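Report on one structure; see the data block that follows.
The figures here come from the full heavy-atom set of this structure, side chains too, leaving out hydrogens, waters and symmetry mates. These numbers come from a predicted model, not from an experiment. Start at 1 with the first residue, then count along the sequence.
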Amino acid sequence: QVQLVESGGGLVQPGGSLRLSCAASGSIFIISTMGWYRQAPGKQREFVATMPRDGNTNYADSVKGRFTISRDTAKNMVYLQMSSLKPEDTGVYYCNADVITPMMEALSSWGQGTQVTVSS
């Protein structure tokens with residue numbers, strides 16, 4: 001009933017930039033927190049950044065100062081601007097949303113993921 005679709009992934013050289021987008025749709029009343037997580041090959045999924053409706057942001061130490069999360073709350077979208085990319089940023093990036101449905105259900109929804117590869 002709730003779908004998240006990521007876009008913007010691809011291949012970029014070290015030091016380059018990339019902007020990820022995520023659009024949420026379906027049975028949505030409001031979305032409290034939206035965020036980004038990533039998973040490198042052979043590793044567990046890890047937290048990258050989150051942003052609640054009030055605009056207060058949280059970042060993993062590994063990306064702080066390089067990544068910026070932003071939201072368009074009216075359009076149920078979240079973005080991740082990535083700069084000064086490093087090879088260790090490589091992985092599948094997943095969008096996450098804490099959704100309240102019109103039936104007052106609380107759901108944690110995940111997208112399919114988008115591949116980000118940082119390599120020369």
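Note: the hydrophobic cluster containing Ile30 does not contain Met34 (ILVMFWY, side chain heavy atoms under 4.5 Å, direct or indirect links). Cluster membership for Val63 and Val116, using ILVMFWY side-chain heavy atoms within less than 4.5 angstrom, is shared. The hydrophobic clustering, which links ILVMFWY residues whose side-chain heavy atoms are closer than 4.5 Å, places Val78 and Ile28 together.
For the atom pair Tyr59 OH and Leu80 CG, the distance stands at 7.5 Å (nearest 0.5 Å). How far OG of Ser70 is from CE of Met51: 7.0 Å, rounded to the nearest 0.5 Å. Distance check: Ile31 CD1 to Thr73 OG1 gives 9.5 Å after rounding to the nearest 0.5 Å. One distance of note links OG1 of Thr68 with CE of Met82; it measures 11.0 Å at 0.5 Å rounding. One finds the CE atom of Met77 at 12.0 Å from the CZ atom of Arg71 (value rounded to the nearest 0.5 Å). Separation of atoms SG (Cys95) and CH2 (Trp36) is listed at 5.0 Å; rounding is to 0.5 Å.
At a threshold of 4.5 Å between non-hydrogen side-chain atoms, the residues Val2 and Trp110 do not count as touching.
Between Ser27 and Val99, the shortest heavy-atom distance links the atoms O-CG1, 4.1 Å. Considering every non-hydrogen atom in both Arg38 and Ser62, the closest pair reads NH2-OG, 3.5 Å. Heavy-atom minimum distance, Ser17 versus Ser84: OG-N, 4.5 Å. For the residue pair Tyr93 and Glu6, the shortest heavy atom distance occurs at O-OE2, 4.0 Å. Among all heavy-atom pairs drawn from Ala24 and Leu4, the shortest one is CB-CD2, 3.1 Å. Pairing each heavy atom of Thr50 with each of Tyr37, the nearest pair is CG2-OH, 4.0 Å.
Under the side chain to side chain contact (heavy atoms under 4.5 Å, CB included) test applied with Tyr79, the options Ile69, Asp72, Leu20 reduce to a single match, Asp72.
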- Task: Could you go through the side-chain contact (heavy atoms from CB on, under 4.5 Å) check for Leu11 and Ser119 one step at a time?
- Result: CA-CA 7 Å; Leu11 175 64; Ser119 179; 4.3 Å; yes

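Annotation: Gln112, atom CD; neighbour count of heavy atoms from other residues, nucleotides and ligands within 6.0 Å does not exceed 12.
Side-chain contact annotation: Ser108 with Asn96, donor-acceptor N/O pair under 3.5 Å present.
Look at Asp61 and Lys64 and you find a salt bridge, because one of the NZ, NE, NH1 or NH2 atoms lies within 4.0 Å of a carboxylate O, short of that distance.
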